[in-house]
Amino acid sequence: MSEARTVYFDNNATTAVAPEVFEAMTPFLTTLYGNPSSIHTFGGQVMAHVDNARERLAALLGAQPSELIFTSCGTESDNAALRSALYTNPQRDKLVISVVEHPAILNVALDLERQGYRVERIPVDANGRLDMEKAQEFIDDRTAIVSVMWANNETGNIQPVRELAELAHKHGALFHTDAVQAVGKVPMNLSEGWVDFLSLSGHKLHAPKGVGALYVRRGVRFHPFVLGGHQETGRRAGTENVASVVGLGMAAELASKNIERENSQVRALRDRLESGIVATVPKTRINGDVEHRLPNTTNISFEYIEGESILMLLDQYGICASSGSACTTGSLEPSHVLRAMGLPYTAAHGAIRFSLSRYNTAEEVDFVLEKLPPIIARLREISPYWSSQK
Ligand SMILES: *Cc1c(COP(=O)(O)O)cnc(C)c1O
């Protein structure tokens with residue numbers, strides 16, 4: 001085992017499983033392996049734990065337990081919401097999304113477009129804020145569903161979801177939000193009734209990978225995405241991923257307890273990192289809407305150099321961050337989000353996202369603040385763009 005430290009500032013890609021979550025899960029991976037649908041006591045007793053997890057998650061969201069369906073991931077929840085809305089509203093043939101959605105929405109919309117549905121994509125300004133005039137123009141009586149993320153995974157921008165939901169409802173359309181990045185960081189109360197569908201994912205919330213949930217407001221018709229057995233009251237077939245569901249329930253309870261901390265302690269660490277970088281490194285820019293942003297995220301462009309090179313040098317110190325989104329790693333194209341914001345080429349290529357969690361410390365922030373400026377200076381020394389700027 002390597003003794004090198006890891007400084008993990010990539011929590012929008014995935015998070016560490018909380019120790020309490022791991023502990024809550026282990027009985028269901030060892031002794032309590034029964035099938036919750038079984039008639040015998042050994043299996044049947046497991047269902048109480050699935051129900052308990054549903055209650056804990058409902059409490060975090062301000063929802064009713066019966067409004068939650070456990071799924072395999074955030075991506076499945078996104079797929080299920082869009083497909084259900086179209087299936088249950090056959091007289092409507094249009095979807096309205098935004099250009100900065102996650103691929104879990106973008107690529108479903110693209111597939112539906114190829115099948116003949118009409119898709120409108122709301123553009124954003126240079127700070128990643130939605131063009132609400134366009135939104136008004138796009139949302140009409142042909143629209144089956146409006147789907148806009150609560151918070152953006154790359155910039156942390158928080159979107160005007162309530163306003164969009166009201167626009168959708170004015171035209172009799174449904175409203176879905178991909179809240180994978182917002183749950184646990186932004187307080188929510190779904191009992192207010194303005195959200196029809198909401199997607200979330202365990203592994204962005206200190207639960208394991210491979211579990212998620214879809215909120216479907218009571219009274220909204222739902223057509224299942226995964227068909228088969230009668231699990232999840234017929235809304236999502238497949239034997240329950242009990243251990244992970246229990247883990248998600250515990251993660252939700254921890255998130256409820258820590259949401260204040262996210263907005264004070266984690267925010268303070270993010271701000272210390274961000275202002276420290278801006279103060280010591282010339283020619284940086286903060287990407288996104290700093291007034292409406294997740295407390296844990298900063299996206300910073302280091303102009304005239306490549307984000308990938310910065311990441312490789314940070315990696316030598318065990319520092320984990322991200323350029324673009326993990327989903328586009330492998331290509332050197334700047335992320336679709338930064339491109340949609342119209343960032344100049346020289347800034348989009350040098351963008352780095354740091355995303356923190358409650359497990360990060362001030363000492364880690366200071367470690368990055370010590371290591372990063374010389375890395376940037378070194379890369380700029382060998383950058384032809386930089387020298388032509390000087
Ligand atoms: C991570 C993420 C997803 C996908 O969730 P998975 O559980 O990994 O499928 C969807 N939307 C956003 C905004 C995300 O950050």
Side-chain angles (χ1 to χ4, degrees), residues 8-17 21 57 68-83 97-111 121-122 124 128 130 145-159 161 164 176-186 188 195 197-215 225-226 236 238 241 244-245 247-248 251-252 255 262 288-289 292-299 320-329 335-338 340 353-357:
Y8 191 75
F9 282 1
D10 201 11
N11 287 278
N12 289 9
T14 197
T15 60
V17 171
V21 167
L57 186 57
L68 293 173
I69 304 169
F70 288 115
T71 64
S72 68
C73 58
T75 300
E76 184 192 321
S77 301
D78 284 346
N79 274 259
L82 297 192
R83 303 262 179 198
I97 64 170
S98 83
V99 289
V100 295
E101 294 304 301
H102 188 274
I105 293 292
L106 289 179
N107 288 332
V108 181
L110 201 60
D111 187 56
R121 299 167 178 84
I122 307 166
V124 294
L130 293 192
I145 186 161
V146 176
S147 177
V148 173
M149 66 205 327
W150 198 310
N152 186 271
N153 43 309
E154 295 190 36
T155 57
N157 274 15
I158 295 175
Q159 305 291 19
V161 277
L164 288 159
H176 167 253
T177 184
D178 175 337
V180 170
Q181 292 294 344
V183 170
K185 300 173 195 155
V186 179
M188 359 190 119
V195 175
F197 298 104
L198 176 144
S199 300
L200 64 94
S201 171
H203 76 103
K204 305 286 173 76
L205 191 69
H206 303 291
K209 295 161 189 65
V211 66
L214 176 66
Y215 161 88
F225 181 62
V226 179
R236 203 280 186 180
N241 180 358
S244 294
V245 161
L248 178 53
E262 286 287 336
D289 180 0
H292 304 99
R293 197 167 50 152
L294 292 175
N296 78 318
T297 308
T298 177
N299 188 309
C320 309
S322 152
S323 70
S325 62
C327 313
T328 53
T329 298
S335 88
H336 70 280
V337 174
L338 301 181
R353 176 189 72 192
F354 298 94
S355 47
L356 282 64
S357 80

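Counting starts at 1 for both ligands and their atoms, following the listed order. Since the model is a prediction, treat every value here as computed from it, not as a measurement.
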Looking only at protein heavy atoms, identify the closest one to [atom] and say how far it is in Å.
atom: atom 11 (N) of ligand 1; value: Asp178 OD2, 2.6 Å
atom: atom 12 (C) of ligand 1; value: His102 CD2, 3.4 Å
atom: atom 9 (O) of ligand 1; value: Thr75 OG1, 2.6 Å
atom: atom 7 (O) of ligand 1; value: Ser201 OG, 2.7 Å

Measure across Val100 and Asn152 and return the closest heavy-atom pair with its distance rounded to 0.1 Å.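 Nearest pair, atom of Val100 first, then Asn152: O-ND2, 3.0 Å.
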Compare all side-chain heavy atoms of Leu57 with those of Phe70 and state whether any distance is below 4.5 angstrom.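 Yes. Closest side-chain heavy atoms under 4.5 Å.
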May I ask you to identify, for Lys204, whether its side chain, its backbone, both or neither come under 4.0 Å of ligand 1 on a heavy-atom basis?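 The answer is the side chain of Lys204.
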Measure His203 to ligand 1 on non-hydrogen atoms and call it side chain, backbone, both or neither using the 4.0 Å cut-off.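 It is the side chain that touches ligand 1; the backbone stays farther off.
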Criterion side chain to side chain contact (heavy atoms under 4.5 Å, CB included) on Thr298 and Arg293, from CA distance to verdict: CA-CA 9 Å; Thr298 177; Arg293 197 167 50 152; 3.9 Å; yes
Is the closest N or O pair between Gln181 and ligand 1 shorter than 3.5 Å?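 Yes.
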Are any side-chain N or O atoms of Asn153 and backbone N or O atoms of Asn12, one a donor and one an acceptor, separated by less than 3.5 Å?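 No, Asn153 side chain to Asn12 backbone: no donor-acceptor pair under 3.5 Å.
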Residues that Asp289 engages under side-chain hydrogen bond (donor to acceptor under 3.5 Å, both in side chains), provided they are two or more places apart: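 By the side-chain hydrogen bond (donor to acceptor under 3.5 Å, both in side chains) rule, Asp289 matches His292.
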What is the distance from atom CD of Glu76 to atom CG of Asn79, rounded to the nearest 0.5 Å?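 Between Glu76 CD and Asn79 CG, I get 8.0 Å after rounding to 0.5 Å.
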By the salt bridge (charged side-chain N to carboxylate O under 4.0 Å, His left out) test, which pairs, at least two apart or in different chains, include something from residues 100-110?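 Listed once each, the pairs would be none.
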Identify, by atom number and element, the atoms of ligand 1 in contact range of Met149, meaning under 4.0 Å from any of its heavy atoms.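 Ligand 1 atoms under the 4.0 Å threshold to Met149: 13 (C).
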Sub-4.0 Å atoms of ligand 1 with respect to non-hydrogen atoms of Cys73: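 Within the 4.0 Å cut-off of Cys73, ligand 1 contributes 6 (P), 7 (O), 9 (O).
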